[in-house]
2 protein chains.
Amino acid sequence: MEETAENIGADVRIMRAAVRLFARNGFQAVGIRELAKEAGLSSAALYHYMGTKNDLLFQIMMEALQAWYEVTLAACEAETGAPEKLCAFVRSHVISSGRFPLESVVIDTEIRSLKGDQRSNVVALRDQYEGLLDRIIQQGIEEGNFSTGDPKLVSLGLLEMCNGLSRWYRPEGRSTLEDIADGFADIALAAVNAKRDGVPLRLNSLKVKPASNINHQVSERASRVAFLAHTGKAEK
Amino acid sequence: MEETAENIGADVRIMRAAVRLFARNGFQAVGIRELAKEAGLSSAALYHYMGTKNDLLFQIMMEALQAWYEVTLAACEAETGAPEKLCAFVRSHVISSGRFPLESVVIDTEIRSLKGDQRSNVVALRDQYEGLLDRIIQQGIEEGNFSTGDPKLVSLGLLEMCNGLSRWYRPEGRSTLEDIADGFADIALAAVNAKRDGVPLRLNSLKVKPASNINHQVSERASRVAFLAHTGKAEK
DNA sequence: GTCTATATTTGGATAGAC
DNA sequence: GTCTATCCAAATATAGAC
């Protein structure tokens, strides 16, 4: 079944309603009836499309994380030098989070609502994502372009700086997402003391593909992957 | 009534149990019966000490925020130069968060569980706290020691970097809190391009009071303040 | 596929004895 | 101040008609 602007599948409507409500009020605070109303169905009809409420949360988090991982991995692999990769990572992460602010909030705050295998899967994917940054910093140190006393601490700090975007960014705010992404990339370069030939590196001295070119069509495919990872009847 | 190691008041036991459970499972996921059991009372007895469950959350957040604000304000005011103030702020914030990791998590994730005046009060106090950093960065720019294209963005980024501590820090981990505080202070100096007489500034070139000297006795008084701000019978 | 109706459990909060 | 017992609203999830 094809999706059009006028004809949105009930499964997609449910997902979008859930992300909206989970982000605003928190997973636990959202009732099945409230979710059904927001999606335009009865609470009973929900269960034709999803497993439990927890399954729905799991699905939302896996889809978003998988999409962001693919996008960011591609952005990093398009560069060769560690400083360029670092900028690509930060900018891709910021742009992804800013374009899907609701999913960002859910991922950032609701891991604790998952238990057992679902939780393990999400944590593993998140760690895989964060490992990208660790390796970039490591590469920069080995190449002699980065210097820092504690690489892991810098990695954690920069990641949380970027993740924090979901707590204050508003699309209608004073800065564009591209400017924010560039600003954070500059902070990242400063945090690792990025230099080349003894000269401190900043974003405007590098040639990096504009962050706005990031291709989010990948998320289409990622959705399927997440569906497959999802046990139960929600896949259909 | 005095507190001793053997004789802990029920009101304090409730507060501690609540912080523990709210941090681990989230405010909404914690039931009154579960809270009562953790505190060692019946669920009915809880209501002798507190108002609603939401009042308890409000009280927890106000007490912690008030204590941290007082501590960090004092640490900043003990310095005069912007670079020193910046380090003092970052270190005080990190140390405070790390010493009370459960309160940090609650403040970071449960503002959305508050409504109306309670929410406004917490947000106002948090903004007041964050305003400290804004003013330090502004001072550094005016003095010519900091340079950054977007001061507010740097402020937001650094704050979230520090706040993120509550999502990964474990007291038994590989780094001491003091080392983390120092590492983040160095990143902060780099993020604002701190220089004095044209020379880039780093933590070990400054004379700043050790973060470990931060006095947390202040939180005693802050508790009283928060109690006064709390409407209802929880004050006694 | 979608509904109404409901089974069942759990939630916050209170009554009233002691 | 603390308890047992309970009220009542809301939760998740399902049954079964259409």
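Quick note on labels: first sequence line is chain A, next is B, and so on, each numbered from 1. Keep in mind the model is a prediction, meaning the values are calculated, not measured.
- Note: CE (B:Met50) to P (C:dG12) measures 8 Å, nearest angstrom.
- We find that A:Asp108 and A:Arg126 are not joined by a salt bridge, their nearest charged nitrogen and carboxylate oxygen being 4.0 Å or further apart.
- A ring-centre distance under 6.0 Å is found for B:His93 and B:Tyr129.
- Minimum atom distance to the side chain of B:Lys53 is reached by C:dA13, of the listed C:dA13, D:dG1, C:dT2.
- Here A:Glu110 pairs with B:Arg112 in a salt bridge; the nearest charged N to carboxylate O distance falls below 4.0 Å.
- One interatomic measurement links the two molecules: CZ of A:Arg13 to C1' of C:dT2, which rounds to 11 Å at whole-angstrom precision.
- In this structure, A:Leu21 places its CG atom 12 Å from P of D:dA11, rounding to the nearest Å.
- When the side-chain nitrogen and oxygen atoms of A:Tyr47 are compared with OP1 and OP2 of D:dA13, one or more of them lie within a distance under 4.0 Å.
- Atom CD1 in B:Ile32 sits about 16 Å away from atom P in D:dA10, given to the nearest Å.
- Rounded to an integer number of Å, the gap from A:Gln28 CD to C:dG11 C1' is 12 Å.
- A:Ser120 and A:Asp117 are not linked by any side-chain donor-acceptor pair at a separation below 3.5 angstrom, with hydrogens and angles left out of the test.
- We find that CG of A:Leu35 is positioned 13 Å from C1' of D:dA11, with the value rounded to whole Å.
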Using a cut-off of under 3.5 Å, enumerate the N/O to N/O pairs linking the protein to nucleotides 3-9 of chain C.
from: C:dC3; atom 1: OP2; to: A:Ser42; atom 2: N; distance (Å): 2.7
from: C:dC3; atom 1: OP2; to: A:Ser42; atom 2: OG; distance (Å): 3.0

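- One atom, NZ of A:Lys37, and another, P of D:dA11, lie 12 Å apart when rounded to the nearest Å.
- In summary, the side chains of A:Ser92 and A:Thr72 do present a donor paired with an acceptor at a separation below 3.5 Å, with no hydrogens or angles considered.
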Using atom types as modelled, flag every donor-acceptor pair under 3.5 Å from a side chain in residues 17-31 of chain B to any protein atom, sequence neighbours excluded.
from: B:Arg20; atom 1: NE; to: B:Glu38; atom 2: OE2; distance (Å): 2.8
from: B:Arg20; atom 1: NH2; to: B:Glu38; atom 2: OE2; distance (Å): 3.2

